[in-house]
Amino acid sequence: MAIILDGKKLAQKIKDNLKAQTIRLTEKGKTPGLAVIIVGNNSASRIYVNSKKRACAEIGIYSEEYALPEDTSEKELLELIEKLNKNSDIDGILVQLPLPGHIDEKAVINAISPGKDVDAFHPVNVGKIMIGDYDFLPCTPAGVIELINESGIDLEGKECVVIGRSNIVGKPMSMLLLHKNATVTICHSKTVNLAETVRRADVVVAAVGRAQLINGDMIKEGAVVIDVGMNRLEDNTLAGDVHFESCAKKAYAITPVPGGVGPMTIAMLMKNTVKSASLACSRGGVE
Ligand code: GUN
């Protein structure tokens with residue numbers, strides 16, 4: 001049976017550390033601040049936003065929530081972001097995605113000041129990640145790297161297969177693995193032989209949004225299997241992109257869903273917010 005990589009436990013350790021840093025920053029007059037914007041009534045988004053607010057409260061990060069109605073115009077949203085960009089109490093701005101169809105997601109991401117872009121979605125931050133010179137790492141991929149570190153395996157020279165090529169996870173994930181000197185393959189919906197490619201992997205990161213797509217037959221004996229997926233099955237239970245039972249029989253280490261990558265994403269968001277506040281503090285932006 002594989003080692004279970006406990007994201008909840010590791011996230012707690014990281015949050016405890018951030019709490020101590022937050023106390024130190026607060027003593028210097030710079031309490032980290034996060035603004036979270038949610039537009040409309042997406043129930044999954046509501047759950048994520050609540051978890052983010054809870055994590056802020058736990059650590060001592062000041063948070064503001066803007067829950068805007070579904071019919072909010074793009075202009076109104078951009079004006080709010082502009083106000084938050086100028087607000088020195090706010091170190092991080094997060095606009096929960098997806099946005100309603102009438103709002104241009106790209107325009108919204110571009111409007112966030114790169115220095116407050118704690119999701120690391122702004123093109124400036126994406127470019128910085130590409131060249132390995134960054135302030136903020138994207139939260140989910142950074143959480144995955146921490147979990148892989150926890151498994152004790154060294155990524156250098158390893159065959160890593162990422163399934164999924166989203167801007168939020170798949171693409172930045174591949175880049176972070178590359179920075180660790182792994183050999184990286186990205187699979188997607190047009191990949192000709194997914195099973196054969198995944199079978200080569202020492203490390204599998206599944207981030208495709210299809211319940212239990214990756215099964216034990218596709219896993220090399222001794223692989224590390226990281227499941228970024230969070231899907232609802234017909235009976236309303238949660239399932240990852242990985243079929244846990246069959247993969248756990250072959251893997252050296254595996255993440256559960258829930259309790260694997262999810263809590264790590266939130267811990268990494270908190271880490272970016274504290275880092276942003278810390279950078280603001282060293283710039284002397286404290287009154
Ligand atoms: N929607 C799903 N994941 C994320 C995330 O990491 N950040 C934001 N802003 N929206 C999301």
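Order of appearance sets the numbers: ligands from 1, and atoms from 1 within every ligand.
Judged purely by atom type and a 3.5 angstrom limit, Asp202 has no side-chain atom pairing as donor or acceptor with the backbone of Ala223.
If you check which protein heavy atom lies closest to atom 4 (C) of ligand 1, you get Gln96 NE2, 4.1 Å. Closest protein heavy atom to atom 10 (N) of ligand 1: Leu97 N, 3.0 Å. The shortest contact between atom 8 (C) of ligand 1 and any protein heavy atom is with Asp119 OD2, 3.5 Å.
The shell of residues lying under 4.0 angstrom from ligand 1, judged by heavy atoms, includes Leu94. Not a single heavy atom of Tyr48 sits under 4.0 Å from any atom of ligand 1.
Set against the non-hydrogen atoms of Val95, the atoms of ligand 1 under 4.0 Å away are 8 (C), 9 (N).
Counted by atom type alone, Glu65 and Gln96 present zero donor-acceptor pairs between their side chains at under 3.5 Å. For the 3.5 Å distance criterion, the side chains of Arg46 and Asn50 qualify, holding a donor opposite an acceptor.
A salt bridge does not link Lys9 with Glu150: none of the charged nitrogens is closer than 4.0 Å to a carboxylate oxygen.
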Please output the side-chain donor-acceptor pairs of residues 194-201 that fall under 3.5 Å, not counting sequence neighbours, one pair per line with the distance.
| residue | atom | partner | partner atom | Å |
| --- | --- | --- | --- | --- |
| Glu196 | OE1 | Asn193 | ND2 | 3.0 |
| Thr197 | OG1 | Asn193 | O | 2.8 |
| Arg199 | NE | Asp217 | O | 2.9 |

